[in-house]
Amino acid sequence: MKTFDYKDQWGGVTRVRLVRGAYADGSLAVQALREGDGYWEPYATLTVNLRDERSQNASYAYADANSMPTAAELLVENGLAAYTGMTRSSGFCTYPLYAFTSEFFEACADSVEEVQSWHE
């Protein structure tokens, strides 16, 4: 399981581990955990659940460009996902669709419990 440096829009850097999961409809959900005091705690959700035929594939998800504007940079710079060129609007926001790579599935945990039990 890899640890990544997430650079936020204000220039701060937070060490995170990514956990893959699923929304209630089965589409891919990605959560970031940050290092706490001897444990990993929830930090942010990198994806949004916009139900459509494109996101029903378990390797695709919309990045949360509203709450986490630099989430896509973390994914692309680390070879975890590639931008598909497609977007979807919801409310006043537009969310880009990403195709997640095999590297993402290899580098990320299946559960928060897996992250908590991982010792380097």
Measuring only between side-chain heavy atoms, which start at C-beta, is Val30 closer than 4.5 Å to Thr45?
no
Closest non-hydrogen contact found for Ser59 with Leu28 is C-CD2, 4.5 Å
So, taking the atom named CD in Glu41 and the one named CG in Leu33, what distance separates them when rounded to the nearest 0.5 Å?
9.0 Å
Residue list, side-chain hydrogen bond (donor to acceptor under 3.5 Å, both in side chains) with Thr101, at least two apart or on another chain:
Glu103
Residues at least two apart in sequence or cross-chain that pass side chain to side chain contact (heavy atoms under 4.5 Å, CB included) with Ala99, listed by chain then number, are Tyr60, Thr84
Residue list, side-chain hydrogen bond (donor to acceptor under 3.5 Å, both in side chains) with Ser102, at least two apart or on another chain:
none
We want to know whether Tyr62 and Ser27 form a side-chain donor-acceptor pair, criterion being a heavy-atom distance below 3.5 angstrom.
no
No-hydrogen, no-angle side-chain donor-acceptor test under 3.5 Å, Thr3 and Arg17:
yes
Tell me every residue that passes side chain to side chain contact (heavy atoms under 4.5 Å, CB included) with Tyr83, counting only those two or more places apart in sequence or in another chain.
Thr87, Pro96, Tyr98
Please name all residues satisfying ring pair (Phe, Tyr, Trp, His ring centres under 6.0 Å) with Phe104, sequence neighbours left out, ordered by chain then number.
Phe100
Residues which pass side-chain hydrogen bond (donor to acceptor under 3.5 Å, both in side chains) with Thr94, listed by chain and number, not counting sequence neighbours:
Ser89
Going from CZ on Arg88 to CG on Leu50, what distance comes out if it is rounded to the nearest 0.5 angstrom?
5.0 Å
Could you pull out the closest heavy-atom pair between Arg34 and Tyr43, with the gap in Å?
CD-CD1, 3.6 Å
Table please: side-chain donor-acceptor pairs of residues 67-82 below 3.5 Å, with sequence neighbours left out.
from, atom 1, to, atom 2, distance (Å)
Ser67, OG, Asp64, OD2, 3.4
Thr70, OG1, Tyr6, OH, 2.8
Thr70, OG1, Lys7, O, 2.7
Asn78, ND2, Leu74, O, 2.8

Evaluate the criterion side-chain contact (heavy atoms from CB on, under 4.5 Å) for residue pair Arg20 and Phe105; output intermediate values, then yes/no.
CA-CA 8 Å; Arg20 63 181 172 267; Phe105 291 97; 3.6 Å; yes
